[in-house]
Protein chains: 2
Amino acid sequence: MKMKFADLKHMLDPKSVAIIGASDKPDKVGHAIMQNYIDVGFSGPIYPINVTSDGKIMGYTAYKSILDVKKEIDLAVISIPAQFVPKVLEECGKAKVKGVVIVTAGFAEVGEVALQEQLVKISKKYKLPFIGPNCLGVMDTRSRNDTLFLPTYKIDRPKIGGVSFVSQSGSVGSSTLDLISAEGFGLARFISYGNAAVVDEVDVLNYLAHDPETKVIIFYMEGVRRGKEFIEVAKTATKLKPVVIIKGGVTSSGAGAAHSHTASLAGSSEAYDAIFRQFGFVIANDIEDLLYYAKVFDTQPLTTGNRIAIVTNGGGHGVLATDAVSKVGLVIPELSKDSKKVLRKKHAAIVSIRLPLDIGGDADEKRYMVALDTLENDPNVDAILLITLFQTPGADERLVESVIAHSKRSKKPLVVVSTGSTYTKSHTALMEAAGIPVYESPTAAAEALAALIKYAKYKAGMVV
Amino acid sequence: MKMKFADLKHMLDPKSVAIIGASDKPDKVGHAIMQNYIDVGFSGPIYPINVTSDGKIMGYTAYKSILDVKKEIDLAVISIPAQFVPKVLEECGKAKVKGVVIVTAGFAEVGEVALQEQLVKISKKYKLPFIGPNCLGVMDTRSRNDTLFLPTYKIDRPKIGGVSFVSQSGSVGSSTLDLISAEGFGLARFISYGNAAVVDEVDVLNYLAHDPETKVIIFYMEGVRRGKEFIEVAKTATKLKPVVIIKGGVTSSGAGAAHSHTASLAGSSEAYDAIFRQFGFVIANDIEDLLYYAKVFDTQPLTTGNRIAIVTNGGGHGVLATDAVSKVGLVIPELSKDSKKVLRKKHAAIVSIRLPLDIGGDADEKRYMVALDTLENDPNVDAILLITLFQTPGADERLVESVIAHSKRSKKPLVVVSTGSTYTKSHTALMEAAGIPVYESPTAAAEALAALIKYAKYKAGMVV
């Protein structure tokens, strides 16, 4: 199958932006969009467009039509009443704009199918791709391109990073972006494609699969329109990078809700699940899983081995982590003879020389490092689940520094569990900033490791 | 079966405290304990005791022996080397102390069974109950009694409330306390009983079951020593109030780790699970579940009905919540005719007049209140899962105020889902302070509702 895909380059990383519907009136969506471009600090020229303009909007030189600008415009963001959108889209075509985001609602999602079809025709006529209508649009952390109409005080913006996030739903998109901003990992691109009249899930997945800025893709989806093409693209995408997906509408009630929400042909959840698994998607069960998996894929090397060493300064957490690791089908191995010998010799204080390795409530960074170095060299161990409880006397910023130093030289996947509040979070934030995925509960850490290993096996062609 | 239980009153709520092993040296555990009593603000007299004392410790009048104090002492906290503990425990008996917490480790958990037996004999001789040895001890938010040897800068202290927390593990105890401090609900008592030489899980469960300050019990356990007695007490306890339990060592690997940790006879996980279910415990799968369930039980009325109405200002979240509710076996009902009529009449703007009720991304507090009032009166609805996404323009502090006002007059259980970061959390914190349980993910909210309904059915004598 030979396919053509929409090129999203100019929509994600434009050199210049026209905001059609920009307004001085604070209650207008076009005002919020313009304000965000200013607040986030878009680096290129911004051209506000409004038929009612008298020359200035929000301090910027404004135009009545995009045709009046007479400059190269990469991206036009449209936020005007639905019935006027075809006309201005036609003008965008004439002005040789390279891509458009149509934020405006009131098209197919409310039965206005013909109006939406007009947009598709214009897009074809001018070879002008657009995202939307009825969408949040895009956010690009590097170019600071941000078509969201939600103000920066209501939704924190994530930092620059390697995770790209696609959401069919605007509300899941915006609230999850807000959550991501509080996580240790950074964002590359965000795309919420709404009605998908032209640019759809196939185009988006294809673009991000080949996007050098995107290391991991996370995806909220309610349904696929172009099934065959999606599978073709997915086959390539999941070989190139991890694609974590959460499907809304997996139960029959949920599928009914999804149909009502985005008119998605939800399909049976079993069918979707089988396809996702067959083609190497990493399946998330809720929004938090998306983030938990994103950060382990963003930072840790892959391994197909499933033998997990647990190190802990709290016995109870060792027990809970052992349960969690076993529940997801991973294995707690026997330590090698060499490891046992080293641990016995170097640290009599270690409570018991076996996994989970309980190094005691009084463990300091030196005792942790003996354990980590030993496990790094143990051929029986594929990955490490490290528990650092910062309530104990020996766990402080020196432990943070040592764990970061270890992670830089380590070849094995490492996940950290740290349960706690103010003091704990101030220390785990440093680990996360250094690229170590930290989880509050042993369950989340074990599930993230299981996802990593399962994907590694798929990529290696092993039966999963 | 007629049983006698240790009375924990004086250990939890003492009028005066002796700290045996108190010290001016900052690296001593007794110093940390003394410092916490000062920092937390214990209201009664504090008597530091140390054989090496020359009259003052940390600014307080100090004594070489508890026998020298000559005042009424409710609680003695012991933190001195293990071999000296029998002698000072004997002195506590002679001084007519009413209860003891033995923090010191180095007894049965390291094979020193005979030394621990000496303590039990002294306890019987003087009818002097003690918690420990090898334990964190107790924290009581009302009396500000706090035997923890972990400093307040490392572990935040929870506020006063109705949830009591029991942890066999000190590390699970301290890190979970730290987590609780960041939650909306407050704590009544915390007990970590360590080796349980005298006061054990049976005494603790019995005491809290009849404790008027305790509305909900949450419990981390690795194993039960007195099985029959535990079941007898549990029968009464779970009829009086919800007991949420997480059992460490549920997988065979985890059970091995638990045995190594607290020498618990872990028993088969199936056996525990069956017993817990049969006797009405609410079973949690990880630490976060403990907190998610605690706050719904702490604040919401019980219902045996399983028909859940979802209200949302984000379509995608409505889909995810519908999936989550269905996954846990609850039902999305049809709205009553009256409800449909009212909603159609009062709010044409509501996207679709059925559940999940999507009231639109532009919903403000007025539209929310029409929905909540209607559902409150709908006989087809048993409980409400309310989604408030604060990224949208209409959701602000007025929505918070309206939801709080609704919750005060509502007779149905209400849980809120709000996904987001800074702006969102500042608003959900106000809801939580007003006794509304808020969850970040639809999954957590649905699981909490399912736990509430399941327990209500048990209590009502229905087959669960």
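In this text, all values refer to a predicted model and were calculated from it rather than measured experimentally.
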Q.
Going by ring-ring contact (aromatic ring centres under 6.0 Å, His included), name the residues that satisfy it together with A:Phe149, two or more places apart in sequence or in a different chain.
A. none
Q: Pick one of side chain, backbone, both or neither for A:Asp27, based on which atoms fall under 4.5 Å of a heavy atom in chain B.
A: neither
Q) Considering all heavy atoms of both residues, which atom of B:Leu150 and which atom of A:Pro393 are nearest to each other, and what is their separation? A) CD2-CD, 4.3 Å
(Q) With rounding to the nearest 0.5 angstrom, report the OG to CG distance, B:Ser441 to A:Asp286. (A) 4.5 Å
**Q.** Counterpart residues, salt bridge (charged side-chain N to carboxylate O under 4.0 Å, His left out), relative to A:Asp146 (two or more places apart)
**A.** A:Arg157
(Q) Taking side chain as everything from C-beta outward and backbone as N, CA, C, O, which of these in B:Gln391 sits under 4.5 Å from a heavy atom of chain A? Side chain, backbone, both or neither. (A) both
Q) Taking only residues two or more places apart in sequence, or in another chain, which ones meet B:Asn134 in a side-chain contact (heavy atoms from CB on, under 4.5 Å)? A) B:Ala105, B:Glu109, B:Asn195
Q.
Rounded to the nearest 0.5 Å, what separates atom CD1 in A:Ile387 from atom OG in B:Ser175?
A. 9.5 Å
(Q) Is there a side-chain contact between A:Glu288 and B:Thr443 in this structure, where contact means two heavy atoms from C-beta onward sitting under 4.5 Å apart? (A) no
Q: Please look at A:Ser174 and chain B and tell me whether the side chain, the backbone, both or neither of the residue comes under 4.5 angstrom of a heavy atom of that chain.
A: both
Q) Taking every heavy-atom pair that is under 4.5 Å apart, which of A:Ile287, A:Leu148, A:Val172, A:Val110 has the most such pairs with chain B? A) A:Val172
Q: Supply the atom-to-atom distance B:His317 NE2 to A:Thr176 OG1, rounded to the nearest 0.5 angstrom.
A: 6.0 Å
Q: Report the option among B:Leu355, B:Thr392, B:Val331 that has the most heavy-atom pairs separated by less than 4.5 Å from atoms of chain A.
A: B:Thr392
Q: Could you look at B:Phe390 and say if it's the side chain, the backbone, both or neither that has a heavy atom under 4.5 Å from chain A?
A: backbone
Q | Minimum heavy-atom distance between B:Ser171 and A:Leu389, given as atom pair plus value | A | CB-CD1, 3.6 Å
Q) Does A:Lys327 NZ have over 12 foreign heavy atoms under 6.0 Å away? A) yes
Q | chain B interface, residue from A:Lys425, A:Glu440, A:Lys154 that has the most non-hydrogen pairs under 4.5 Å | A | A:Lys154
Q: Using non-hydrogen atoms and a 4.5 Å limit, figure out which bit of A:Ile246 sits close to chain B: side chain, backbone, both or neither.
A: side chain
Q | Any residue of residues 416-424 of chain B which, by heavy atoms, sits under 4.5 Å from chain A | A | B:Thr419, B:Gly420, B:Ser421, B:Thr422, B:Tyr423, B:Thr424
(Q) Counting heavy-atom pairs closer than 4.5 Å to chain A, which one of B:Ile155, B:Leu177, B:Asn285, B:Leu320 comes out on top? (A) B:Leu320
